[in-house]
Amino acid sequence: MNIPERISALRALMEERGYDVYMVPTDDFHQSEYVGDHFKVREYITGFTGSAGTAVFTKDEAGLWTDGRYFLQADQQLAGTGVKLYKMGEPGVPTVEEFIASALPEGGTLGFDGRVVAIEEGAALEEAVASKDAKINYSEDLVGEVWADRPALSEKPAFALGEEYTGESTESKLARVREAMKKAGADVHVIAALDDVCWITNLRGDDVDFFPLLLSYAVITMDDMKLYIDERKLNDDMKADLAKNNITIHPYNAIYEDIKNLDTASTVLVDPNRLNYALFNNIPDGTKVVQQVNPTIAMKAKKNDVEIRNIINAHKKDAVAMTKWMYWLKTNIGKIEITELSAAAKLETLRKEQEGYLWQSFEPICASAEHAAIVHYEPTPETDVPLTQNGLFLTDTGGGYLEGSTDISRTFAFGELTQQMKEDFTTVLQCNFNLAHAVFLEGTTGYNLDVLARMPAWRRGINFNHGTGHDVGYLMNIHEASCGFRCAIREKEQAPLMVGLVITDEPGIYIEGSHGVRTENELLVRKGPKNEYGQFLYFEPITYVPIDLDAIIPEMLTDQEREQLNEYHKKVYEIVAPHLNDEEREWLKEYTRAI
């Protein structure tokens with residue numbers, strides 16, 4: 001079936017089951033940002049492949065809400081489907097809840113699969129339908145009934161990380177979680193977020209493309225932990241290690257019935273953004289519930305010394321692969337045909353040469369010329385084009401290593417560039433460095449600092465319609481949930497920047513129909529001096545890849561910015577050069593020269 005036929009089949013089920021409005025979010029049962037093939041329900045019903053978006057269907061309307069990263073992509077992918085794009089946050093655009101409230105008839109019914117909606121979102125929907133004296137039915141996955149050839153749940157095996165990688169045992173992590181539970185006044189903690197479960201157990205998997213996560217839930221008490229997972233994914237050693245920590249294994253979906261049998265005298269800790277609405281509603285009536293952020297979020301965001309050492313090693317390996325790739329691109333463009341996809345494949349080959357490499361840490365963004373104006377463009381066989389020989393090539397890629405994950409954006413210049421391209425490239429560099437060299441007091445949030453990354457662009461009357469950065473997980477989610485650089489407050493990302501946090505710095509400029517530029521380094525928060533004003537912190541860049549001098553206008557840079565760039569490139573050369581052959585090393589010397 002094509003998209004209009006799928007929507008027609010969905011509407012037929014809505015009519016049959018008595019739904020006036022039906023909502024289809026992006027999430028899986030664990031509120032993951034990226035989901036496995038089995039959970040790509042919104043993509044199936046709309047054709048939009050971005051990582052964020054919510055679809056809503058009425059008897060005669062269909063809408064897709066997504067954020068600024070995906071406006072261009074969604075506009076293209078929704079063409080001809082009958083699904084209207086609603087640009088989130090833009091003036092005059094209703095929210096999903098506002099649209100639902102206006103579309104519902106008096107006494108009508110809103111439907112959705114409660115397993116893919118977070119508690120907090122479910123509460124907002126309850127408020128939306130209340131104005132129409134309407135009902136919610138969250139028990140049916142209607143799109144799943146339409147999707148005849150839906151992929152099965154992943155059955156790939158798990159793997160364990162030793163303390164030489166994690167720096168902390170499961171026993172220690174459970175003790176810290178239980179201490180946080182006590183402070184919250186809870187004696188039961190229900191966890192659905194995959195990265196939180198993986199962090200506690202020191203287990204990883206391959207159930208979500210690119211992200212080493214395991215489909216699982218956990219229920220932690222003061223004495224034991226129940227792990228809900230497909231037991232076939234675990235080997236005997238893993239089971240033995242879990243048993244040592246009084247962790248018992250239960251079928252993946254059994255948690256829904258088990259939750260109904262919780263002792264009503266218990267106090268249950270749940271995260272309203274990271275536990276699904278259906279599971280939450282299975283908690284017995286009368287049970288006291290504490291809703292707050294999972295304590296594991298802050299715990300895993302603050303990397304320990306072992307993790308920091310490993311992460312830096314991973315970045316050094318990744319820098320070698322990235323620099324070799326830059327050399328290959330620069331010396332072969334115009335001599336052999338290189339397309340977006342073949343360029344991405346070459347980088348994957350170079351990363352595989354690095355010890356401890358597992359797989360790419362997310363779908364690679366390799367965008368030539370006007371494709372780079374689509375912030376999260378991902379090439380496909382249908383969209384793949386040769387790289388421009390006169391213009392810019394934007395790349396945003398990452399590698400997953402046993403020592404951690406990387407996330408790096410570089411924009412490369414080929415041939416002749418326009419003056420605007422060079423100005424935009426140089427401005428983005430200024431934005432990146434302006435944030436990277438910040439010094440700030442302990443307690444500062446990413447929201448407080450985001451303006452630093454935007455000011456050079458704002459001075460030119462330009463903005464970028466996405467966050468400036470996100471914290472990065474240790475071989476888990478690339479986008480973690482504790483902190484972020486944003487110019488709009490996002491409550492779930494407002495933890496203070498803390499020593500040991502790894503966070504990205506990735507400003508950009510995007511000119512529709514022409515080009516895009518993004519330069520991204522990962523930053524490690526370090527402790528600075530302490531005096532009568534408090535404890536100062538600063539950032540240490542831990543990405544070691546050249547920034548393309550061919551696209552920079554040196555005269556636009558201040559003396560301080562030129563010095564910062566030269567110092568950065570000096571460090572890049574020191575780290576990477578010993579791992580290159582003679583030709584690559586001579587080339588790198590030129591591309592890290594002082595300006």
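Position 1 is the first residue of the sequence; numbering continues from there.
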**OP:** Please test K173 against N202 for side-chain hydrogen bond (donor to acceptor under 3.5 Å, both in side chains), starting from the C-alpha separation and ending with a verdict.
**Re:** CA-CA 9 Å; K173 291 178 178 181; N202 288 334; 2.6 Å; yes
**OP:** Please lay out, stage by stage, how E126 and I136 fare under the test side chain to side chain contact (heavy atoms under 4.5 Å, CB included).
**Re:** CA-CA 7 Å; E126 288 174 358; I136 286 177; 3.9 Å; yes
Original post:
E348 and Y357: side-chain hydrogen bond (donor to acceptor under 3.5 Å, both in side chains), yes or no, with the steps?
Top reply: CA-CA 10 Å; E348 169 77 345; Y357 178 73; 2.5 Å; yes
**OP:** In sequence, state the C-alpha distance, the side-chain angles, and the governing distance for T383 and T380, and then conclude on side-chain hydrogen bond (donor to acceptor under 3.5 Å, both in side chains).
**Re:** CA-CA 5 Å; T383 65; T380 66; 3.2 Å; yes
Original post:
Should L358 and L475 be marked as a side chain to side chain contact (heavy atoms under 4.5 Å, CB included) after you check the CA-CA gap, both sets of side-chain angles, and the distance that decides it?
Top reply: CA-CA 10 Å; L358 297 173; L475 196 59; 3.8 Å; yes
**OP:** Please test H315 against E522 for side-chain hydrogen bond (donor to acceptor under 3.5 Å, both in side chains), starting from the C-alpha separation and ending with a verdict.
**Re:** CA-CA 9 Å; H315 275 281; E522 288 188 24; 2.9 Å; yes
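Every pair tested for salt bridge (Lys or Arg N to Asp or Glu O under 4.0 Å) that includes a residue from residues 209-227 fails, sequence neighbours excluded, so the list is empty. The ring-ring contact (aromatic ring centres under 6.0 Å, His included) pairs that include a residue from residues 174-208 number zero, where partners must be two or more places apart or lie in different chains. Residues in residues 141-187 take part in these ring-ring contact (aromatic ring centres under 6.0 Å, His included) pairs, two or more places apart or across chains: Y44-W147. Applying the salt bridge (Lys or Arg N to Asp or Glu O under 4.0 Å) definition to pairs two or more places apart or across chains, none involves residues 72-84. For residues 178-194, the set of pairs meeting the salt bridge (Lys or Arg N to Asp or Glu O under 4.0 Å) definition, not counting sequence neighbours, is empty. Listed by first and then second residue, the salt bridge (Lys or Arg N to Asp or Glu O under 4.0 Å) pairs involving residues 97-122 are D113-R115 (not counting sequence neighbours). Applying the ring-ring contact (aromatic ring centres under 6.0 Å, His included) rule to pairs touching residues 220-245 yields Y228-H250, sequence neighbours excluded.
Remark: the R6 side chain and the T46 side chain contain no N/O donor-acceptor pair separated by less than 3.5 Å.
For Y217 and H30, the gap between ring centers is short of 6.0 Å. Between Y277 and F112, the ring center distance clears the sub-6.0 Å criterion.
Contact check for R69 versus N465: no side-chain heavy atoms found under the 4.5 Å cut-off. With contacts defined as side-chain heavy-atom distances shorter than 4.5 Å, the pair L497/I503 qualifies. You'll find the side chain of V41 reaches within 4.5 Å of the side chain of R150, heavy atoms only. The closest side-chain heavy-atom distance from P94 to Y86 is below 4.5 Å.
At least one donor-acceptor pair closer than 3.5 Å links the side chain of T406 to the backbone N or O of G399. Side-chain atoms of D20 come within 3.5 Å of backbone N or O of T109 as a donor-acceptor pair. Judged by distance alone, the side chain of N276 and the main-chain N or O of V116 form no donor-acceptor pair under 3.5 Å. Looking only at distances, no side-chain donor or acceptor of T296 sits under 3.5 Å from a matching main-chain atom of M299. Side chain of E307 to backbone of N304: a donor-acceptor contact under 3.5 angstrom is found.
When each of L227, L214, I229 is tested with V197 by the rule side-chain contact (heavy atoms from CB on, under 4.5 Å), just one qualifies, namely L227. Each of E480, R486, E506 was scored for a side chain to side chain donor-acceptor pair (under 3.5 Å) with H470, with one residue passing: E506.
A search for ring pair (Phe, Tyr, Trp, His ring centres under 6.0 Å) contacts involving F48 returns Y70, not counting sequence neighbours. Applying the ring pair (Phe, Tyr, Trp, His ring centres under 6.0 Å) test to F211 and every residue at least two apart in sequence or in another chain returns Y34. Legend: residues meeting ring pair (Phe, Tyr, Trp, His ring centres under 6.0 Å) with Y22, ordered by chain and number and at least two apart, are Y19. A search for ring pair (Phe, Tyr, Trp, His ring centres under 6.0 Å) contacts involving F39 returns F29, not counting sequence neighbours.
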Could you list the donor-acceptor pairs under 3.5 angstrom formed by side chains in residues 287-295, with sequence neighbours left out?
{"residue": "T287", "atom": "OG1", "partner": "P284", "partner atom": "O", "Å": "2.9"}
{"residue": "N294", "atom": "ND2", "partner": "D196", "partner atom": "OD2", "Å": "2.8"}

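Relative to the ring axis of F71, K87 places its NZ or CZ within 45° and under 6.0 Å from the centre.
Within a 6.0 Å radius of CG in D305, no more than 12 heavy atoms belonging to other residues, nucleotides or ligands are found.
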